[in-house]
Amino acid sequence: MQKEAADILFSMLESYKEGNFSGNCAWSKMTKDWKTWERVCWGYEGFLVDNYLALLNILDYFEG
């Protein structure tokens, strides 16, 4: 399932680059750290460090 893993990984990296994991949503008082499946912001405090733990999977991907 390496292709599926790479698809998810590179989609996540692109989303990080575009700033889709932190900050305020322009059209609401909610933040980007939590979203519904429909991408509606449903934030909490504006920054959760656990969002960035997904980047640790990159090491596993390239070591495997």
Side-chain angles (χ1 to χ4, degrees):
M1 296 188 73
Q2 286 187 345
K3 181 197 178 311
E4 291 85 353
D7 289 345
I8 292 169
L9 170 63
F10 293 116
S11 294
M12 288 173 60
L13 291 176
E14 186 66 27
S15 194
Y16 281 119
K17 183 178 91 174
E18 293 173 0
N20 293 326
F21 282 91
S22 63
N24 293 322
C25 291
W27 44 270
S28 98
K29 293 181 180 180
M30 299 292 187
T31 55
K32 297 177 184 177
D33 49 341
W34 290 92
K35 295 187 199 103
T36 66
W37 286 109
E38 292 78 28
R39 299 181 181 214
V40 175
C41 293
W42 201 254
Y44 180 59
E45 294 178 347
F47 178 74
L48 290 176
V49 294
D50 59 341
N51 283 335
Y52 297 95
L53 289 176
L55 295 175
L56 293 176
N57 291 315
I58 294 171
L59 298 176
D60 292 336
Y61 175 78
F62 286 107
E63 287 178 359

Among all residues two or more places apart in sequence or in another chain, which pass the side-chain contact (heavy atoms from CB on, under 4.5 Å) test with Ser11? none
For residues 9-41, which residue pairs pass the disulfide (SG to SG under 2.5 Å) check, not counting sequence neighbours?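 Qualifying pairs, neighbours excluded: Cys25-Cys41.
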Sequence neighbours excluded - salt bridge (Lys or Arg N to Asp or Glu O under 4.0 Å) pairs with any residue from residues 7-21: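 Qualifying pairs, neighbours excluded: Lys3-Asp7, Glu14-Lys17.
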